[in-house]
Q: 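The structure is given below, and queries will be raised subsequently.
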Amino acid sequence: MRIVSAKLSLAAIPVSLLTLSAILTQHHGPYYLRNNFDPEYNYLLNSLNLLTLHSPAHTDHPGTTLQILGAAVVWLQWLGGYLMGRREALREAVLSHPEEYLRGMNFVLNVLISGALYRAASAIHRVSKSITAAMLLQITVLVYLQTFIALTRVSPEPLLIAAALALMIPMAPMVLSREGVEANGGRLAAAAGVLFGFGLITKVTFAPLAAVVLLFPHRKRRFAWAAASTVLLLLLPIAPRLPAMASWLGSLVVHSGQYGQGRIGIPEANAVAANIISLWPDQLPLFLFLGLYAMGLFRRVGPKPDGERRLLIAACIAIAAEGVMVAKHPATHYLVPALVLTAFVNAALWRRRHAAQWSWR
């Protein structure tokens, strides 16, 4: 009975979020509106490219995972319509009714977010036996405005939220359960590596979450091999575009201006400071959490890092690296992976503070 009650409690927020996504998407308006079509139509048309056996031309993020997912959703929608009597060729159907297909892609993305939110919280609950810690994870995700903005979009951000939440499933036993590590450490590291590789190909802003490899101290190679294999596999559909993609991403790094513009070199310090400060009003909780994690880390200085210290180090590195990545391109949606990571860190730290018989490795 207690297990059923816990499952119902943990399902309440994800189900409510899925319901809310339908309401918000309806009020968001059609995707053809000026403020709504980018990058939605890019992803729809490049998903269609995949279905017609053409390599996607849009590789800025690179976003291949969303294009593959979009292709699957579009094909299933088209097939359903065809079987119901809408006798249109695939290309004709998508180009004639793009909003229908974008709505379908948006719905699937929101299902993935809600499902991953439930599974991540369930993983926390399963290994910690704490319903409060599990719900704290869910509540932290709702603290951020970007979560609700993502619910209305067909862009990498909704998929990044789902991927980051899914990454917490193998992280939970590594951080919260000695038995889980001893029995399944290699498998958990491989699963985390696959999910990290998936997130990285969804959008390069997922890269700072590589810091979670610190939570797999004896399985770093397994994590790295799984991540590299996943990346190579997911890049196959855009193989002809890899040189252009590499050139684009390289220009973002070496030029001092936004989006590959300006002189080669690092940006001016005052410009970087102004960009970071501009993010504070919208993402104040993130910076507060970073401050708390840093304070906790300094309090746990010792010769050998324990589980809590590794978690705090990983969190500080990931959030700081995310900040560096957006220093030249200040936009709050670029911070999404770091935002979601704080949900796991908060849940784990709460459990650490409120479990008298609970120990870290």
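As a basis for the values below, the full set of heavy atoms in this structure was taken, side chains included, without hydrogen atoms, waters or symmetry mates. The first residue of the sequence shown is numbered 1, and numbering continues consecutively from there.
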Q: Is the shortest heavy-atom distance from the side chain of Val340 to the side chain of Met168 under 4.5 Å?
A: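 Of all side-chain heavy-atom pairs linking Met168 with Val340, at least one is under 4.5 Å.
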Q: Backbone N or O of Ser128 within a donor-acceptor pair of the Arg351 side chain at under 3.5 Å?
A: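 Such a contact is found between Arg351 side chain and Ser128 backbone.
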Q: Is it true that, when you exclude Trp75 itself, more than 12 heavy atoms of the residues, nucleotides or ligands shown sit nearer than 6.0 Å to its CH2?
A: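 Counting other residues, nucleotides and ligands, CH2 of Trp75 stays at 12 neighbours or fewer.
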Q: Are any of the side-chain heavy atoms of Leu339 and Thr147 separated by less than 4.5 Å?
A: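 No. Closest side-chain heavy atoms not under 4.5 Å.
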Q: Treat each ILVMFWY residue as a node, draw an edge where side-chain heavy atoms are under 4.5 Å apart, and state whether Leu341 and Val324 are in one component.
A: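 They do not share one cluster, since no chain of ILVMFWY contacts under 4.5 Å joins Leu341 to Val324.
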Q: Let me see the working for Ile317 and Leu214 under side-chain contact (heavy atoms from CB on, under 4.5 Å), right down to the final yes or no.
A: CA-CA 10 Å; Ile317 290 175; Leu214 297 176; 4.0 Å; yes
Q: Mind listing the closest non-hydrogen atom pair of His58 and Gln67 along with its distance?
A: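 Scanning both residues completely, I find the closest heavy atoms to be O-NE2, 2.8 Å.
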Q: For Thr230 and Gly197, which heavy atoms make the closest approach, and how far apart are they?
A: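 Shortest heavy-atom separation between Thr230 and Gly197 comes out as CG2-C, 4.0 Å.
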Q: What are the two closest non-hydrogen atoms of Ala192 and Leu167, and how far apart are they?
A: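 Minimum heavy-atom contact is O-CD1, 3.4 Å.
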Q: What about Ile149 and Tyr31, same hydrophobic cluster or not, with Ile/Leu/Val/Met/Phe/Trp/Tyr joined at side-chain heavy-atom distances under 4.5 Å?
A: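 As far as the 4.5 Å side-chain criterion goes, Tyr31 and Ile149 are not connected within one cluster.
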Q: State, without any angle test, whether Ser47 and Tyr101 hold a side-chain donor-acceptor pair at a distance under 3.5 Å.
A: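 Per modelled atom types, Ser47 and Tyr101 side chains form no pair under 3.5 Å.
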Q: Is it true that Ile169 and Val212 fall in one hydrophobic cluster, defined by side-chain heavy atoms closer than 4.5 Å?
A: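 Unlinked, Ile169 and Val212 end up in two clusters.
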Q: Would you confirm whether Ser21, through its side chain, and Leu18, through its main-chain N or O, come within 3.5 Å as a donor-acceptor pair?
A: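 Judged by distance alone, yes, a pair lies under 3.5 Å.
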Q: Measuring only between side-chain heavy atoms, which start at C-beta, is His61 closer than 4.5 Å to Val204?
A: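 No, too far: nothing below the 4.5 Å cut-off.
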Q: Say you draw a straight line from NE2 of His125 to OG1 of Thr132; how long is it, rounded to the nearest 0.5 Å?
A: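 If I round to the nearest 0.5 Å, the distance is 9.0 Å.
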Q: For a 4.5 angstrom cut-off between non-hydrogen side-chain atoms, does Leu109 reach Leu66?
A: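 In short, these two side chains touch, coming nearer than 4.5 Å.
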Q: Looking at Leu50, Thr59, Asn49, which hits side chain to side chain contact (heavy atoms under 4.5 Å, CB included) with Pro237?
A: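 Checked Leu50, Thr59, Asn49 against Pro237; only one passes side chain to side chain contact (heavy atoms under 4.5 Å, CB included): Leu50.
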Q: With side chains defined as the heavy atoms from C-beta onward, is the minimum distance between Ile124 and Phe344 less than 4.5 Å?
A: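 They are in contact (side-chain heavy atoms under 4.5 Å apart), so the answer is yes.
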Q: Using the side-chain contact (heavy atoms from CB on, under 4.5 Å) rule, take Met135 and Leu10 through it: C-alpha gap first, then chi angles, then the decisive distance, then the call.
A: CA-CA 7 Å; Met135 296 198 72; Leu10 295 179; 3.8 Å; yes
Q: If you count heavy atoms of other groups shown closer than 6.0 angstrom to OH of Tyr32, is the number above 12?
A: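 Not more than 12 within 6.0 Å, no.
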Q: Tell me, do Arg241 and Ser55 make a side-chain contact under 4.5 Å, heavy atoms counted?
A: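 Answer yes - side chains close enough.
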Q: Is it the case that one hydrophobic cluster holds both Val254 and Trp248, taking links as side-chain heavy atoms less than 4.5 Å apart, direct or via other members?
A: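 As far as the 4.5 Å side-chain criterion goes, Trp248 and Val254 are not connected within one cluster.
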Q: If you round to the nearest 0.5 Å, how far is CE of Met325 from CG of Leu252?
A: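 Leu252 atom CG to Met325 atom CE measures 9.0 Å (nearest 0.5 Å).
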Q: Assess the residue pair Tyr144 and Thr332 against the criterion (side-chain contact (heavy atoms from CB on, under 4.5 Å)); give the C-alpha distance rounded to whole Å, side-chain angles, the decisive distance to 0.1 Å, and a yes or no.
A: CA-CA 10 Å; Tyr144 301 108; Thr332 53; over 6 Å; no
Q: Measure the shortest side-chain to side-chain distance between His333 and Pro156 over non-hydrogen atoms and say whether it is less than 4.5 angstrom.
A: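 SC-SC contact between His333 and Pro156 ruled out.
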Q: What is the minimum heavy-atom distance between Tyr334 and Glu322, and which atoms define it?
A: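 Taking Tyr334 first and Glu322 second, the nearest heavy atoms are O-OE2, 3.2 Å.
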Q: How long is the gap from OH on Tyr43 to CE on Met105, to the nearest 0.5 Å?
A: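 The distance works out to 9.5 Å.
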Q: Just by distance, do the side chain of Ser229 and the backbone of Ala226 share a donor-acceptor pair under 3.5 Å?
A: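 Between the backbone of Ala226 and the side chain of Ser229 there is no qualifying donor-acceptor contact (under 3.5 Å).
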Q: Flag yes if Leu236 and Ile68 sit in one hydrophobic cluster, no otherwise; membership is Ile, Leu, Val, Met, Phe, Trp, Tyr, and two members link when side-chain heavy atoms are under 4.5 Å apart.
A: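 Result: no, two separate clusters.
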Q: So how far is it from Arg103 CZ to His97 NE2, rounded to the nearest 0.5 Å?
A: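 Atom-to-atom, Arg103:CZ and His97:NE2 are 15.5 Å apart.
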Q: Taking it one step at a time, do Thr205 and Val336 satisfy side-chain contact (heavy atoms from CB on, under 4.5 Å)?
A: CA-CA 8 Å; Thr205 53; Val336 161; over 6 Å; no
Q: Counting only N and O atoms by type, is there a donor-acceptor contact under 3.5 Å from the side chain of Arg87 to the main-chain atoms of Tyr82?
A: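 Pair found, side chain donor or acceptor close to backbone of Tyr82.
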Q: Return the minimal non-hydrogen interatomic distance between His28 and Asn36, and the atom names on each side.
A: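 His28 and Asn36 have their closest heavy atoms at O-ND2, 3.0 Å.
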Q: Taking all non-hydrogen atoms of both residues into account, name the closest pair between Leu290 and Cys316 and its distance.
A: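 Heavy atoms of Leu290 and Cys316 come nearest at CD1-CA, 4.0 Å.
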Q: Return the CG to CG distance between Asn110 and Leu117, rounded to the nearest 0.5 Å.
A: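 Answer rounded to 0.5 Å: 12.0 Å.
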Q: Establish, from distance only, whether the side-chain atoms of Tyr293 and Asn346 form a donor-acceptor pair under 3.5 Å.
A: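 Asn346 and Tyr293 do have a side-chain donor-acceptor pair below 3.5 Å.
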Q: Is the shortest heavy-atom distance from the side chain of Val94 to the side chain of Trp78 under 4.5 Å?
A: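 Not in contact.
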Q: Using only atom types and a distance under 3.5 Å, with no angle test, would you say the side chain of Lys328 pairs donor to acceptor with the backbone of Val253?
A: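 Judged by distance alone, yes, a pair lies under 3.5 Å.
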Q: Taking atom types as modelled, is there a side-chain donor on Thr140 or Thr342 under 3.5 Å from an acceptor on the other?
A: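 No pair is found: no donor N or O on one side chain lies under 3.5 Å from an acceptor on the other.
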Q: Kindly give the cluster partners of Leu288, where membership spreads through any ILVMFWY side chain lying under 4.5 Å from a current member.
A: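 Leu284, which link up through side-chain heavy atoms under 4.5 Å apart, make up the rest of the cluster.
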Q: Verify, without hydrogens or angle tests, whether Glu100 (side chain) and Gln77 (backbone) share a donor-acceptor contact under 3.5 angstrom.
A: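 Not at all, since once roles are kept as given, no pair shorter than 3.5 Å links the two residues.
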Q: Taking NE2 in His329 as the centre, count heavy atoms belonging to other residues, nucleotides or ligands within less than 6.0 Å. Is the count above 12?
A: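 Enclosed: over 12 neighbouring heavy atoms sit under 6.0 Å from NE2 of His329.
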Q: Please check if the number of heavy atoms outside Phe107 that lie under 6.0 Å from its CZ is greater than 12.
A: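 Atom CZ in Phe107 is not packed in, count stays at 12 or less.
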Q: If I take atom CZ from residue Phe148 and atom CG from residue Leu17, how far apart are they, to the nearest 0.5 angstrom?
A: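 One finds 6.5 Å between CZ of Phe148 and CG of Leu17.
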